[in-house]
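Data block below; observations after.
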Protein chains: 2
Amino acid sequence: MARIKTDKNISRKDVIVTKAATLFREKGFKAASMRDLAEAVGVEAASLYNHIKSKTELLHELCFSVANRFLQKIDEVEAEKITAIEKIEKLLRFHINEMIHHYEEVYVSDREWKHLADPYLSNFQNQRRIYRKRFAAIIETGIRNQEVKKIDAPTAVLIMLHAISGIESWHRSTQKISAAELEENMVTILVGGLTQ
Amino acid sequence: MARIKTDKNISRKDVIVTKAATLFREKGFKAASMRDLAEAVGVEAASLYNHIKSKTELLHELCFSVANRFLQKIDEVEAEKITAIEKIEKLLRFHINEMIHHYEEVYVSDREWKHLADPYLSNFQNQRRIYRKRFAAIIETGIRNQEVKKIDAPTAVLIMLHAISGIESWHRSTQKISAAELEENMVTILVGGLTQ
DNA sequence: ATTTATTGCTAACACGCGTTAGCTGACTAT
DNA sequence: ATAGTCAGCTAACGCGTGTTAGCAATAAAT
């Protein structure tokens, strides 16, 4: 009988959620089966249900843990007494680093949230909408203070957030530049695109 | 007996492919069923097979028709005798307009190509890789000619291409700015990010 | 050492999937 | 009018899915 290995402070459920993130990223939520997941975990499919309620629960956990981290960060950044451009750059760098270091989760949250079921779906969409509005509001402040070019703020948000999801390609590329270089390049291009 | 309606010069297969694009975008390739598609077309699922070979064939058609349009465009742009920045801007505007006016197809090609099966999969990935290299080469020329900032060209490509796929959010947003405004904003931010 | 809770297993379920076979009705061309 | 092709239908197939029930083995607690 092949037990799921766990280090201290990592529950078996966490192991499953983590492997699920990898699998959902690779195949997509719908195409990844519980039998695939079971194999990745080293156990039979039915055994997973001793630790989780359903396949969808895995998606909830992933999507909302990511969303919560971003919401917490924007709370923090909004409260700081710095210029709008500095706030934008801070958020940008946070996004970039999340995408670099929590790739699987962030990617899945980004691409697979459609498969959430209500009420989680509406909830997630709302959080997303609000987050983007708050981000846009920072940019609009920047425009008013003439730190930022006169551009459509929602469009700028959309560009930044989607550009960041391109880090996916960096992860899968064979000849990677370093994470630090990647971060600097992205900030240079994106912040450079907003200013002056 | 409910026949598929067709205007002149639009085959029944084209009708199916178009509806498939919409459905694949909405639900994802795996989650969209042939029964869903049949309903959208106004016919029974089995009847679809008088016009198409398989579900996957629909994905092939979509992915490669999009890919071919981009390849053709980059052929054209490379051949022109204009500056690197002008080439970049041309490609950028083409991408933007494709995403605006052929939203469903382009989106599906972008997000769902993973579900292609070999040999189509490898083929598609190759085309994609080569396209990006050619795009990066143009940027590198721009850097050498000091039209473009000293940045990592592959990273710049990745940012531009992914930023454009953010137009998805524009399509789904309720308060849209005009397509022309969207295009100008995106070009301003992205080209602005590369230059100076 | 014995009990209790945890974590695994096998077997099976109901269901939705892509697809095929075989048939019927409806346009098209002679 | 008649023959032939096209495009639809119903029924059904085999398969993979998420999930449950019931039981066995292991680990934890007494």
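Only heavy atoms go into these numbers, but all of them, side chains included; no hydrogens, no water, no symmetry mates. Predicted, not measured: the structure shown is a model, and the values here were computed from it. All chains are named by letter (A, B, ...) in the order of the sequence lines, taking the proteins before the strands, and each is independently numbered beginning at 1.
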Starting at [atom1] of [X] and ending at [atom2] of [N], how long is that distance when rounded to a whole Å?
X: Glu39(B); N: dG18(C); atom1: CD; atom2: C1'; value: 17 Å
X: His115(A); N: dG18(D); atom1: NE2; atom2: P; value: 12 Å
X: Phe24(B); N: dC17(C); atom1: CZ; atom2: C1'; value: 13 Å
X: Lys53(A); N: dG18(D); atom1: NZ; atom2: P; value: 18 Å
X: Glu57(A); N: dT19(D); atom1: CD; atom2: C1'; value: 14 Å
X: Asn50(B); N: dT10(D); atom1: CG; atom2: P; value: 14 Å
X: Leu48(A); N: dG18(D); atom1: CG; atom2: P; value: 10 Å
X: Leu59(A); N: dG18(D); atom1: CG; atom2: C1'; value: 15 Å

For Ala31(A), report the nucleic acid contact type (base, sugar-phosphate, nothing); a contact means any heavy atom under 4.0 Å.
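The residue Ala31(A) makes no contact with any strand.
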
Using a strict cut-off of less than 4.0 Å between a Lys/Arg side-chain nitrogen and an Asp/Glu carboxylate oxygen, indicate whether Glu184(A) and Arg93(A) qualify as a salt bridge.
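Looking at Glu184(A) and Arg93(A), the cut-off is met.
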
On the ring face of Phe29(A), is Lys55(A) found with NZ or CZ under 6.0 Å from the centre and within 45° of the axis?
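Yes, cation above the ring, under 6.0 Å and within 45°.
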
Counting distance alone, no hydrogens or angles: does the base of dG18(C) have a donor or acceptor under 3.5 Å from a partner atom on the side chain of Arg35(B)?
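Side chain to base: pair present.
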
Determine: side-chain N/O of Ser33(B) to OP1/OP2 of dG16(C), distance under 4.0 Å, yes or no.
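Ser33(B) to dG16(C) OP1/OP2: no side-chain N or O under 4.0 Å.
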
Looking only at side-chain N and O atoms, does Ser47(B) come under 4.0 Å of OP1 or OP2 in dC9(D)?
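Checking dC9(D) against Ser47(B), a side-chain N or O does come within under 4.0 Å of OP1 or OP2.
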
If two hydrophobic side chains count as joined below 4.5 Å and joins carry through other members, does Ile52(B) share a cluster with Val66(B)?
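No; tracing contacts between hydrophobic side chains, which count when under 4.5 Å, never links both residues.
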
Hey, what's the ring geometry for His60(A) with Tyr120(A), parallel, tilted or perpendicular (30° and 60° as the breaks)?
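It falls in the parallel class, under 30°.
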
Taking the six-membered ring for Trp, are His171(A) and Tyr103(A) parallel (under 30°), tilted (30 to 60°) or perpendicular (over 60°)?
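Rings of His171(A) and Tyr103(A): parallel, as their planes differ by under 30°.
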
Side chain of [X]: nearest nucleotide among [options]?
X: Ala46(A); options: dT19(D), dT10(D), dT20(D); value: dT20(D)
X: Glu44(A); options: dG8(D), dT10(C), dG8(C); value: dT10(C)
X: His51(A); options: dT20(C), dA7(D), dT7(C); value: dT7(C)

Go nucleotide by nucleotide along DNA chain C from the 5' end; which of Lys55(B) and Val43(A) gets its closest nucleotide reached first?
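Looking at DNA chain C, the more 5' nearest nucleotide goes with Val43(A).
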
